[in-house]
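Note sheet for the following structure.
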Amino acid sequence: MAKNFKDEVLSRRTFAIISHPDAGKTTLTEKLLLFGGAIRDAGTVKAKKTGKFATSDWMEIEKQRGISVTSSVMQFDYQGFRVNILDTPGHQDFSEDTYRTLTAVDSAVMIIDSAKGIEEQTIKLFKVCRMRGIPIFTFMNKLDRQGKAPLELLAELEEVLGIESYPMNWPIGMGKEFLGIYDRFYNRIEQFRVEDGDRFVELNEDGRIVGDHSLKESPLYEQTLEEVLLLNEAGNSFSAERVAEGTLTPVFFGSALTNFGVQTFLETYLKFAPAPQARNSTAGKIDPLSEQFSGFIFKIQANMNPAHRDRIAFLRVCSGKFERGMSVNLARTGKQIKLAQSTRFMADDRSTVDEAVSGDIVGLYDPGTYQIGDTLTGGKEVFQYDSLPQFTPELFVRVTAKNVMKQKHFHKGIQQLVQEGAIQLFKTVKTDEYLLGAVGQLQFEVFEYRMKAEYNVDVVMERLGSKIARWLENEELDENLSSSRSLLVRDRFDRYVFLFENDFALRWFQDKNPHIKLYNPMDGSNP
Ligand code: G4P
């Protein structure tokens, strides 16, 4: 490595994009990669998404559905920074892995379709970022189309997500009348559909264009000045500290498809996005600049190569330097492991990684050694990072083995897949039926596929639909409170969980049983 260790670490920026499907995540990612020179052709990421990509490495299930289960990591260099973008799969492939990916990043970029505003999946992913207190940068996309009024979008951020915002720039018109953005941060106007040389118009101290300019003839220009004045007087003030603690989100307007405002966004993002952050462990906070190597596994990808049953474990490096071939300690078992096979993920292929530092993601060959949340450490001191948060499943199925003779394999398969974090297991009280919980339908399909492929068991899954899962603070409970509308189950740690039919059933239950304290781990209310 050309830079010294410290500079290498400080140059890392590791983030994920959170959005609802179709907001423009793929389009924006592709533009960012083009700036970084990580891909040459627009269409590479898109091709991957739509399944036109080489499928040799992909799970069978991916091929069948033409979607990507792979949550890959894309890396590029820009202005001295090394940027790692972790993909957060959406659509039907939304799963707990999507949430877990957010535990491995230092910041998040939230893309919002300006016509649709804040949508369901964005809210879910936002909650996880909030739980972790990471900085969130907002990109209001598709300004080349008619959308909601910008002030309305800011109001949604506060009302729906409960986060305050600071618009770094402000759109001048939108849709057919989109003229560009008034950049409050750089005190300039960036014009839409204007050649590079003339694109930027500098502003004077009062934030106005000096001398003659065609923009001045547009009533939209005056309107924008008025709106910006309003923001200056009545809006939040910018605070780098509040951005860093995740309580203020800088907002950028633009259009990913036409590549407008993306470069400005990237450059400003890099100014304020945090370098790798210290993490809590059993040995206290671990400084990313400390020499001792450490990292944790946040995701395990099964069967990336259908010819093998091997898996890839995704390791987030948290301190020290990863070197291929190094020996590390796996805290959970206390065993030494030699990290001989490692992979780095790129936009268009995978390549071997020899060295990596904090903030980087390394793919480790996994013959079945790792579990999600595992900590690896080099050197003498062995410690463990805080366990990964629990995510509340929303979809449930009742599961049995098709062939009763296969019970042993069935139980073994379930135990292992549950431990690995592929799916959550619950048992009904008294009747001891197996229920599986997931945050996305794909988890069930992957479960079914892997039970067959890896344990040779056909499973029968009976859909129970969506339920509201709430854990209990009380240890003691009358199990007769279980009913079809508020089903009582135990999780794999034997803790009670109620599965409510809907919001109404939840409220009704709470009214009837005020002494029972329920909580949702994803509200950060885990006692
Ligand atoms: P996703 O990964 O978040 O699901 O979204 P993706 O980038 O695939 O974008 C979803 C759709 O929105 C695509 O159109 C894409 O071209 C369009 N889009 C993205 N950014 C912008 C933008 O800034 N302005 C406009 N007008 N459209 C945008 P599609 O018709 O679904 O796909 P395609 O036919 O373009 O491939």
Side-chain angles (χ1 to χ4, degrees), residues 15-35 38-39 41-53 62 65-74 85-95 97-99 101-102 105 108-126 129 136-148 150 153 169-181 190-194 199 251-266 269 347-348 440-442:
F15 72 93
I17 299 182
I18 62 175
S19 65
H20 193 80
D22 283 337
K25 184 181 66 165
T26 314
T27 313
L28 185 80
T29 306
E30 194 153 87
K31 296 298 184 296
L32 295 176
L33 292 173
L34 281 166
F35 283 124
I39 50 169
D41 307 314
T44 312
V45 182
K46 192 92 193 166
K48 190 164 181 169
K49 175 178 165 180
T50 50
K52 289 182 203 123
F53 215 64
E62 280 184 313
R65 298 179 49 139
I67 50 149
S68 158
V69 181
T70 317
S71 163
S72 56
V73 181
M74 288 156 273
I85 310 181
L86 277 60
D87 189 23
T88 45
H91 286 270
Q92 304 99 312
D93 41 355
F94 187 71
S95 71
D97 276 344
T98 312
Y99 285 146
T101 297
L102 298 174
V105 298
V109 170
M110 177 163 73
I111 307 184
I112 291 167
D113 181 333
S114 59
K116 297 198 177 135
I118 294 159
E119 299 173 86
E120 188 197 337
Q121 197 165 296
T122 312
I123 300 175
K124 292 181 182 172
L125 294 165
F126 176 87
C129 296
I136 298 164
F137 297 76
T138 305
F139 190 85
M140 296 289 185
N141 194 24
K142 308 196 186 182
L143 263 290
D144 57 308
R145 282 200 192 154
Q146 197 60 38
K148 295 189 180 186
L153 290 167
N169 55 41
W170 199 248
I172 310 175
M174 65 169 71
K176 286 202 177 69
E177 295 191 316
F178 185 44
L179 298 180
I181 45 180
E190 189 170 348
Q191 299 183 83
F192 185 52
R193 294 200 198 285
V194 171
R199 200 153 46 115
V251 177
F252 302 78
F253 290 86
S255 161
L257 186 66
T258 57
N259 202 359
F260 182 77
V262 176
Q263 192 163 10
T264 302
F265 163 73
L266 174 63
Y269 164 80
D348 38 13
Q441 179 64 28
L442 179 80

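Below, all heavy atoms of this structure are taken into account, side chains as well, without hydrogens, waters or symmetry copies. Order of listing sets the numbers, starting from 1, for every ligand and every atom in it. None of these values were measured; they are calculated from a predicted model.
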Ligand 1 contact on [X] by region, counting heavy-atom pairs under 4.0 Å:
X	answer
R145	side chain
D144	side chain
T26	both

Close-contact set for ligand 1 against [X] heavy atoms, below 4.0 Å:
X	answer
T27	6 (P), 7 (O), 9 (O), 15 (C), 19 (C)
D22	1 (P), 3 (O), 4 (O), 5 (O), 10 (C), 12 (O)
S255	22 (C), 23 (O), 24 (N)
K25	1 (P), 2 (O), 3 (O), 5 (O), 7 (O)
P21	4 (O)

Testing the basics here: between [X] and [Y], what is the closest heavy-atom pair and its distance to 0.1 Å?
X	Y	value
F137	F252	CD2-CE1, 4.4 Å
G24	N141	CA-ND2, 3.8 Å
K116	K148	O-NZ, 3.6 Å

Backbone or side-chain N or O of [X] under 3.5 Å from ligand 1 N or O:
X	value
A256	yes
L28	no
L257	yes

Subject >> Aromatic ring proximity F94/Y99, centre distance under 6.0 Å >> reply: yes
Original post:
Hey, does the side chain of K25 reach the backbone of T88 with a donor-acceptor pair shorter than 3.5 angstrom?
Top reply: yes
**OP:** Please answer whether the main-chain N or O of H20 pairs with a side-chain N or O of T122 as donor and acceptor at a distance below 3.5 Å.
**Re:**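 Looks like yes, one N/O pair under 3.5 Å.
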**OP:** Could you tell me which residues satisfy side chain to side chain donor-acceptor pair (under 3.5 Å) with R199, sequence neighbours excluded, listed by chain and number?
**Re:**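 Listed in chain order: E190, D196.
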Original post:
Residues in side-chain contact (heavy atoms from CB on, under 4.5 Å) with P21, at least two apart?
Top reply: H91, Q121
